[in-house]
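The next block holds one structure in the form of structure tokens; read it before the comments.
Everything numeric here is computed off the predicted structure, so don't read it as measured data. Note that these values count all heavy atoms, side chains included, but never hydrogens, waters or copies made by symmetry. Heads up: numbering here begins at 1 and tracks the sequence.
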Amino acid sequence: YKEISKKYLNDDYPKNDTSVVFECLLKYGASWCLKKFRGMFAIFFIDQRKNEFTMIRDVLGIKPLFYTLIDNNLIVSSEVKGILSSDYIIPKINKEHLFYYFTERHVKAPDTLIENIYQVIPGQILTWNTKEFKSQLNRDLQINKTGKSLKETLVSTVNNWTVSDVPVGTYLSGGLDSSLISSIIKTKNKSLQSWCAFFDEDGFSELEFAEQVADENDISLNKVQVLENDYLNKTKELISEKCYPLSVPNEIALTEISKSMKGKIKVALSGEGADELFGGYDRIMSKTKGSSESFFSQYNYVPKNILNSLGISNVKSEYNTELFNKGGDNYQQKVFNYFRKYHLEGLLMRVDFTSMQNSIETRPCLVDLDLFSKASTLKFSELYDEDKKGKKPLKEIASSYLNENIICRKKIGFPVPLNKYINEITDEILNICSEETVIKKSDFQKTYPDIIKRPNHGQVLWMIFNVLYFESQFIN
């Protein structure tokens, strides 16, 4: 913001970032701001001169922004909770949008799981003049050609995102992405602190790898153990705090990390976006040929036959197919576009909520316009090796910072031992659901044998519990 203030407002000493946003909106307008601003932002701007109310969300959708219009009352909030607490709206689950939740673990903008509550779309300028909405949408990333190499762009991007007047830390799982980010930052921040959450169970902890990276780089590592016997109660607490179903089981771990961070740091850098930019998700993204049907058969968390049996409509699957097919000229382009435009959105919303509820500003430093621009020019052969293992350029850069066993080890992905809670989760579901709930008790009982056969049955049951518990607390 200081750079923008100096270059466009002739002010070398701005008060803060918000004052720069305000002055730029007055002088140049919303369209200019969306093109020039770099970083993460969600803006609500009231222009009393024109009687206009404008909402703006950054192009990559890092920060969320929700709204509703009830009886000519516009309500805007950074979270659903702010709208529900207004008492203007009587919440009701949109049953069609349950399809999004169970297949993609989040509902794509502009929709939400609740009727009449909407999201501003990433890259959207949405203005209400008390009579109608006017929308401008630009989700196309401008390709900024620079003379910098990918490594130079990555390192400068990470360092730029550490600029802060308050202490900065990192998430450190021991995986490639967070380890590389932490190692880069450590070269300039000698007192860097990092955080790692873990379950005390074989196969569900990456703590040893986080400890290795911390030891080799002299990073102070804060270890946060998630207690298994308290996991379901923590899930309930977080749903109540969020006023919305959780998207992934590790939101509990992320919340516990942000609680531990509170009082020690104010800003934390995370590695969201690395898979989408540099070719992660090998099982899906490394395929060179296919159709929308073959893509979604692998991508969707809960298959259509189980959703049908639970009484959840598949009508929105056609919309997903349409979005997928618009994503490029070939299968690879379509897959990458879908992950970058629609999948990433859910990841960013998850990490934003779990950190902001504890007053921690999490910055996904890889979700940067310059880095996205650079990565979007990389060819398939530059992203994947001969064995179709992704993140090839990231691994090459990491070789200057990390040991080979960290770079090449198989990703676990912040796992949660959900299968240990199957009986407890099932009992909770049966206690909550009835023939009047959004998922009927008879449908659940009928579908249960098919659910339990699936490898991810713990995840499916956990998601069903989330929806029903949310409904019991805020709908009924």
Side-chain angles (χ1 to χ4, degrees), residues 145-162 168-196 205-221 268-286 332 336 339-340 344 363-414:
K145 294 183 178 180
T146 66
K148 288 184 178 180
S149 66
L150 179 60
K151 181 178 181 179
E152 290 171 328
T153 303
L154 176 67
V155 172
S156 64
T157 295
V158 171
N159 286 326
N160 285 340
W161 281 65
T162 63
V168 176
T170 65
Y171 295 83
L172 178 55
S173 67
L176 172 63
D177 314 328
S178 63
S179 298
L180 177 57
I181 290 169
S182 298
S183 299
I184 291 172
I185 295 173
K186 176 61 182 178
T187 60
K188 291 194 174 183
N189 183 348
K190 301 304 180 184
S191 59
L192 178 66
Q193 289 195 70
S194 296
W195 275 259
C196 177
S205 174
E206 297 180 293
L207 181 59
E208 64 175 294
F209 302 107
E211 289 176 329
Q212 178 187 336
V213 174
D215 290 343
E216 291 172 351
N217 291 274
D218 195 24
I219 296 171
S220 176
L221 182 63
L269 269 64
S270 72
E272 272 76 17
D275 289 306
E276 290 73 20
L277 262 70
F278 298 106
Y281 311 111
D282 297 344
R283 181 174 60 87
I284 302 176
M285 296 181 78
S286 64
Q332 287 174 347
F336 273 83
F339 270 100
R340 289 171 177 174
L344 181 58
R363 299 177 180 178
C365 56
L366 301 183
V367 187
D368 176 89
L369 287 175
D370 284 353
L371 197 55
F372 246 81
S373 177
K374 199 79 174 177
S376 65
T377 64
L378 298 175
K379 299 176 182 177
F380 182 84
S381 59
E382 295 174 294
L383 294 172
Y384 291 89
D385 61 24
E386 295 176 352
D387 297 322
K388 291 190 175 180
K389 300 296 182 183
K391 296 187 180 178
K392 181 180 174 182
L394 209 60
K395 291 173 181 176
E396 291 172 353
I397 295 170
S399 63
S400 301
Y401 296 90
L402 304 170
N403 277 330
E404 189 174 351
N405 73 310
I406 298 293
I407 296 172
C408 299
R409 76 178 183 86
K410 186 177 180 180
K411 182 177 180 178
I412 299 178
F414 227 150

Review point. Looking at residues at least two apart in the chain, or sitting in another chain, which of them share a side chain to side chain donor-acceptor pair (under 3.5 Å) with Ser220?
Key: none
Practice item. Please report the shortest heavy-atom distance between Glu276 and Phe339, naming the atom on each side. Key: CG-O, 3.5 Å
Check your understanding: Can any side-chain N or O of Lys186 pair as donor or acceptor with the backbone N or O of Asp218 at less than 3.5 Å?
Key -> yes
Review point. Can you tell me how far the OG atom of Ser179 sits from the CD atom of Glu206, to the nearest 0.5 Å?
Key: 9.0 Å
Review point. Got a donor-acceptor contact below 3.5 angstrom from the Ser373 side chain to the Leu369 backbone?
Key: no
Study note, to complete from the structure: When rounded to the nearest 0.5 Å, the distance separating CD1 of Ile181 from CZ of Arg363 is 13.0 Å
Review point. Where the side chain of Asp385 meets the backbone of Asp387, is there a donor-acceptor pair that is under 3.5 Å apart?
Key: yes
Check your understanding: Which pair of non-hydrogen atoms, one from Cys365 and one from Val158, has the smallest distance, and what is that distance?
Key -> SG-CG2, 4.1 Å
Review point. If you look at every heavy atom in Leu150 and Phe278, which pair is closest and at what distance?
Key: CD2-CE2, 4.0 Å
Check your understanding: Between Ser400 and Lys151, do the side chains contain an N or O donor and an N or O acceptor separated by less than 3.5 Å?
Key -> yes
Point to revise | Nearest-0.5 Å distance, CD of residue Gln212 to CG of residue Asn405 | key: 4.0 Å
**Study point:** Trace of the side-chain contact (heavy atoms from CB on, under 4.5 Å) decision for Asp275 with Lys391
**Key:** CA-CA 7 Å; Asp275 289 306; Lys391 296 187 180 178; 2.8 Å; yes
Check your understanding: Does Lys148 use its side chain to pair, donor to acceptor, with the backbone of Ser156 at less than 3.5 Å?
Key -> no
Exercise for review: Specify the closest pair of heavy atoms between Arg409 and Gly175, including all atoms of both residues, with the distance to one decimal.
Suggested key: NH2-N, 3.4 Å
Exercise for review: Would you please say whether a donor-acceptor pair under 3.5 Å links the side chains of Thr157 and Asn159?
Suggested key: no
Review point. Has the side chain of Asp282 got a donor or acceptor atom that lies under 3.5 Å from a matching backbone atom of Gly390?
Key: yes
Review point. Just wondering, do Leu192 and Asn217 contact through their side chains at under 4.5 Å, heavy atoms?
Key: no
Exercise for review: Search all heavy atoms of Tyr171 against all heavy atoms of Ser270 and return the closest pair with its distance.
Suggested key: CD1-CB, 3.6 Å
Point to revise | Ser399 versus Glu396, closest heavy-atom pair with distance | key: OG-O, 2.5 Å
**Study point:** Check: Leu172 and Leu221 side chains under 4.5 Å, non-hydrogen atoms
**Key:** yes
Exercise for review: Keeping the roles fixed (side chain from Thr187, backbone from Ile184), state whether a donor-acceptor pair exists under 3.5 Å.
Suggested key: yes
Check your understanding: How long is the gap from OG on Ser183 to CD on Glu216, to the nearest 0.5 Å?
Key -> 8.5 Å
Review point. Can you tell me if Thr170 uses its side chain to pair, donor with acceptor, with the backbone of Ser182 under 3.5 Å?
Key: no
Check your understanding: Under the 3.5 angstrom rule, does the side chain of Asp368 hit a backbone N or O of Asp370 as a donor-acceptor pair?
Key -> yes
Review point. Roughly how far apart are Leu402 CG and Lys395 NZ, rounded to 0.5 Å?
Key: 12.5 Å
Point to revise | Trp161 vs Leu371 side-chain heavy atoms within contact, under 4.5 Å | key: no
Review point. Angle class for the Tyr384/Phe336 ring planes (parallel below 30°, perpendicular above 60°, tilted otherwise)?
Key: perpendicular
Revision key, fill the gap. d(Ile407 CD1, Leu394 CG) to nearest 0.5 Å is 9.5 Å
